[in-house]
There are 2 protein chains.
Amino acid sequence: MAERGSYAKGVARREEILTAALDVFSREGYRGTSLREVAKQVGVSLPGLMHYFESKEHLLTAILQKRDEVDGESLPSTGDFLDTLIRIMRHNRDVPGLVQLFITLAAAAEDPAHPAHPFFVDRYAAVLPTLAGSIRDRQDAGTARADLDPEHIARVLVALADGIQIQWALDRSVDMAGDIERLWALFEV
Amino acid sequence: MAERGSYAKGVARREEILTAALDVFSREGYRGTSLREVAKQVGVSLPGLMHYFESKEHLLTAILQKRDEVDGESLPSTGDFLDTLIRIMRHNRDVPGLVQLFITLAAAAEDPAHPAHPFFVDRYAAVLPTLAGSIRDRQDAGTARADLDPEHIARVLVALADGIQIQWALDRSVDMAGDIERLWALFEV
DNA sequence: GTCTATAAAGAGATAGAC
DNA sequence: GTCTATCTCTTTATAGAC
């Protein structure tokens, strides 16, 4: 608050561009698309685009951030994060471009100097304990095997969710959400 | 057989270059390294490199192929592919550059026009049934739960192996092989 | 503060000499 | 079969109009 009008307008424009870019990547996919192409589809010039994002990698990172934000709103959590994870995977079938972008950027983010590095580090740091908590809740409720290590199973489920996206990208008949549900079914008492 | 000397020499040179490139990527990692840089490290000019590989993507694909070939020799299969998978994951700790290259190329290979597309399609088509067979063998031997669907669990284990590499790339304290072993332990009778 | 126009730096890829 | 030289297209940076 107390922001100057022009500043707020700049933020709004950035959000507009980001939403448009998210839409482009969701539909058309990420196939080494050039920034010029993104700018054109978003309806802005290349420098117009770069006024808001310092580099291509920053834009791609911002797109993934925006995606998480949008998913968080449209797929409201029931409090149980394993259910949420499965709903997200079901939703991912509709956004192949974002699936590809996610995997590509996750690989590149290994480099600590990459703009997406903090995003991915923070993301796993948030997701893993939350998922482990849901597993522990199910154990407490008596619906999950007591010999599961919640931290271990959380890491396994997230790795499965990430890895199954690679197989699905190559063969669309793979049922990402279903495979996760079936694995979990093996852990129920 | 009946190959002309110059042809055989060309093949040998290609193998030389490939081995050198594999070594560069294993050690130094794949961080958007330029072909010029690879050529320099391999000891050849850029056109000299491109004489043997039609494009950068073709070279990267050939490197992954070569890696599989080398691993197949140095990590001889015991006949049980789950054991082999775990040994490969243990070995992967020593070649972070190849792990990153694998994930990056797997994401890009979604595009059917990408040179790595057939490689990945064939790879999963070979690995999944082989792993499913090992799981079935263990069920027959009475050491694995009978209610497992071998094809489902094979897909899950491969996805876990792929996905855990992303987490390990971001946090080297993740025990890739150990996490797979611990998951399998939950499926033993 | 925002955008148009433009150019610099570097990548992959190619032509053609030797 | 290998290199020098060059071309095109990408990302990135800057100058200046509105």
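Chain letters run A, B, ... following the sequence lines, proteins first and then strands; every chain starts at 1.
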Taking the six-membered ring of B:W168 as reference, does the cationic atom of B:R172 (NZ for Lys, CZ for Arg) lie under 6.0 Å from its centre and within 45° of its axis? yes
To the nearest angstrom, the CZ-C1' distance between B:R14 and D:dT2 comes to 17 Å
Nearest-angstrom distance from the residue atom CG of A:L59 to P of D:dT11: 11 Å
With no hydrogens and no angle check, is any side-chain donor or acceptor of A:S134 less than 3.5 Å from a backbone partner on A:F81? yes
Distance, rounded to the nearest Å, where A:L49 contributes CG and D:dT12 contributes C1': 12 Å
Rounded to the nearest angstrom, tell me the gap between atom CG in A:L60 and atom C1' in D:dT12. 15 Å
Below 3.5 Å, does any donor atom in the side chain of B:R36 face an acceptor in the base of C:dG12, or the other way round? yes
Selected nucleotide, minimal atom distance to B:S34 side chain, candidates D:dT14, C:dG12, C:dT14: C:dG12
Expected output: side-chain B:Q139 to main-chain B:L148 donor-acceptor under 3.5 Å: yes
Just N and O in the side chain of A:H51: are any of them under 4.0 Å from OP1 or OP2 of C:dT2? yes
Heavy atoms only, 4.0 Å cut-off, all strands: where does B:F53 land among base, sugar-phosphate and nothing? nothing
Please give, in whole Å, the distance from D:dT10 P to A:L46 CG? 11 Å
Could you state the NZ-C1' distance from B:K56 to D:dT10, rounded to the nearest angstrom? 12 Å
May I ask you to say what A:S45 touches in the nucleic acid, namely base, sugar-phosphate or nothing, with a heavy-atom cut-off under 4.0 Å? base
NA contact type, A:V44, heavy-atom cut-off 4.0 Å: base, sugar-phosphate, or nothing? nothing
Take atom CE of A:M50 and atom P of D:dT10, then tell me their distance rounded to the nearest Å. 15 Å
Please check the phosphate of D:dT2 (OP1 and OP2 only) for any side-chain N or O of B:R13 closer than 4.0 Å. yes
Under 4.0 Å between a side-chain N or O of B:Y52 and OP1 or OP2 of D:dG1? no
Could A:R87 and A:D83 be called an ion pair, given the rule that one side-chain N must be under 4.0 Å from one carboxylate O? no
Send over the distance from B:E37 CD to C:dG10 P, rounded to a whole Å. 13 Å
Quick one, A:Y124 and B:V174 - any side-chain contact, counting heavy atoms below 4.5 Å? no
